[in-house]
Amino acid sequence: MSTSGVQPVEGDRSPVREVRGRIESRAVHIDLRGAVMLAFVAVVGLLAFTWPLLVTPDSSLAGSTQAPLVFALILPVVIGLALSELTGEGMDVKALAMLGVLSAVGAVLRPLGAGTAGIETVFFLLVLGGRVFGPGFGFILGNTTLFASALLTAGVGPWLPFQMISSGFVGLGAGLLPRCRGWLEIGLLALYGIVSAFMFGMLMDLSFWPFNLGTGTDASYSPDLSAWENLQRFWVFNLATAMGWNTGRAITNTVFIVLVGPAVLTVLRRAARRAQFV
């Protein structure tokens, strides 16, 4: 018998394990190749958002509209490769069914808030889904939920790949949080909901900031300035234009996680125990 407090459930290849008497599920098994693919997607995704801080003044991308269009074409390909890798041998039919259910629920929830005053009713579900089913499942859930929501609300556009990968990061991060239980877990998830709300908003603002204000203001992007100077200008832009929406998103996440989080976590964990994903 193991003395570490970790005992595998019957079937030693199953990503469901028992930790101190409680079941932890990994609906998507991530091997070395999957981990490398996720790391690659993360790097490309960060480049897609932070390119204004990285290009040099003599670059062909500086001061043009080419960069977001280039990344809007590249990101779907990269996301597709990652999803193909993660949903291949590492995801069984039960996990796929759970993904479909949660994606559909999220797609229906999102229009209820419609982003008014930052009220977003979908991100708490990404946090809870990633928490219960693991980082790989959380990343896929973030992408599929935003994609399904865009189809439902006719919100397909060049911004969609940026929204998908940002939401994927939200679910991925939730699956990587340290293990705890009870109100300590709810507090941790609520704190993560606040941080991820602001990070999602900042990433999305960064994706279109260079072309939002034009030139000539203290909050405008300038390819002739250093990365640090442009970053300072971006903070001014973000505080002035998006802080209200980001705060509303953070409050919504916190309220939903605290009020319905315990019940949703119980339901999802019961489903994970019954499914015993392989």
Side-chain angles (χ1 to χ4, degrees), residues 19-28 98-99 101-146 148-149 152-153 163-164 166-205 238-239 242-275:
V19 181
R20 295 181 182 178
R22 294 183 181 272
I23 298 295
E24 297 297 334
S25 175
R26 289 295 180 268
V28 177
M98 181 62 66
L99 176 66
V101 170
L102 292 182
S103 298
V105 172
V108 172
L109 285 176
R110 192 170 182 229
L112 298 180
T116 304
I119 299 175
E120 295 276 8
T121 52
V122 66
F123 288 97
F124 87 98
L125 186 62
L126 305 183
V127 172
L128 299 180
R131 173 66 171 177
V132 173
F133 297 114
F137 186 93
F139 177 78
I140 300 172
L141 179 63
N143 282 275
T144 55
T145 299
L146 268 289
S149 172
L152 187 64
T153 59
Q163 291 179 330
M164 289 173 60
S166 298
S167 300
F169 287 157
V170 172
L172 175 68
L176 295 174
L177 293 175
R179 294 290 150 187
C180 54
R181 284 293 186 269
W183 286 107
L184 180 60
E185 179 182 39
I186 298 300
L188 176 65
L189 293 177
L191 178 61
Y192 178 76
I194 294 172
V195 174
S196 62
F198 282 96
M199 291 303 299
F200 177 87
M202 285 188 288
L203 287 176
M204 291 306 303
D205 287 345
N238 182 256
L239 289 172
M243 190 52 61
W245 274 263
N246 294 340
T247 302
R249 187 182 300 109
I251 293 174
T252 306
N253 285 348
T254 303
V255 170
F256 274 93
I257 289 173
V258 171
L259 293 184
V260 304
V264 175
L265 287 172
T266 299
V267 171
L268 294 180
R269 282 177 173 142
R270 183 178 296 120
R273 285 195 300 269
R274 291 175 181 249

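Numbering of residues begins at 1 and proceeds along the displayed sequence.
In this structure, R249 and F198 have side chains that are not in contact, with every pair of non-hydrogen atoms separated by 4.5 Å or more. Side-chain contact check for T252 versus F124: every heavy-atom pair is 4.5 Å or farther apart. The closest side-chain heavy-atom distance from L265 to I186 is below 4.5 Å. V127 has its side chain out of reach of N253: every pair of non-hydrogen atoms, C-beta onward, lies at least 4.5 Å apart.
Closest approach of G142 to S167, counting heavy atoms only: O-CB, 3.5 Å. Closest heavy-atom contact between Y192 and G173: OH-CA, 3.2 Å. In this structure, P178 and L188 approach most closely via the heavy-atom pair O-CD2, 3.6 Å. Here the closest heavy-atom approach between residue M98 and residue A271 is recorded as CE-CB, 3.6 Å. Of all non-hydrogen atoms in Q163 and F200, the two that sit nearest each other are O-CE1, 3.9 Å. The minimum heavy-atom distance between G201 and N246, with the atom names listed, is CA-OD1, 3.2 Å.
Atom CG of residue N238 and atom CG of residue D205 lie 5.0 Å apart, to the nearest 0.5 angstrom. Residue F137 holds its CZ atom at 5.0 Å from CG of L102, rounded to the nearest 0.5 Å. Note that CD of E120 is 13.5 Å distant from CD1 of I251, once rounded to the nearest 0.5 Å. With rounding to the nearest 0.5 Å, the separation of CG in L172 from OG in S196 is 12.0 Å. Expressed to the nearest 0.5 Å, how far CZ of F169 lies from CG of L203 amounts to 7.5 Å. Here the straight-line distance linking atom CE of M202 with atom CE of M199 works out to 4.5 Å at 0.5 Å rounding.
Qualifying side chain to side chain contact (heavy atoms under 4.5 Å, CB included) partners for T254, counting only residues two or more places apart in sequence or in other chains: A190, I194, V258.
The side-chain hydrogen bond (donor to acceptor under 3.5 Å, both in side chains) pairs that include a residue from residues 135-144 are S103-T144, where partners are two or more places apart or lie in different chains.
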Working note: L126 + F123, criterion side chain to side chain contact (heavy atoms under 4.5 Å, CB included); need CA distance, chi angles, decisive distance, verdict. CA-CA 5 Å; L126 305 183; F123 288 97; 3.9 Å; yes

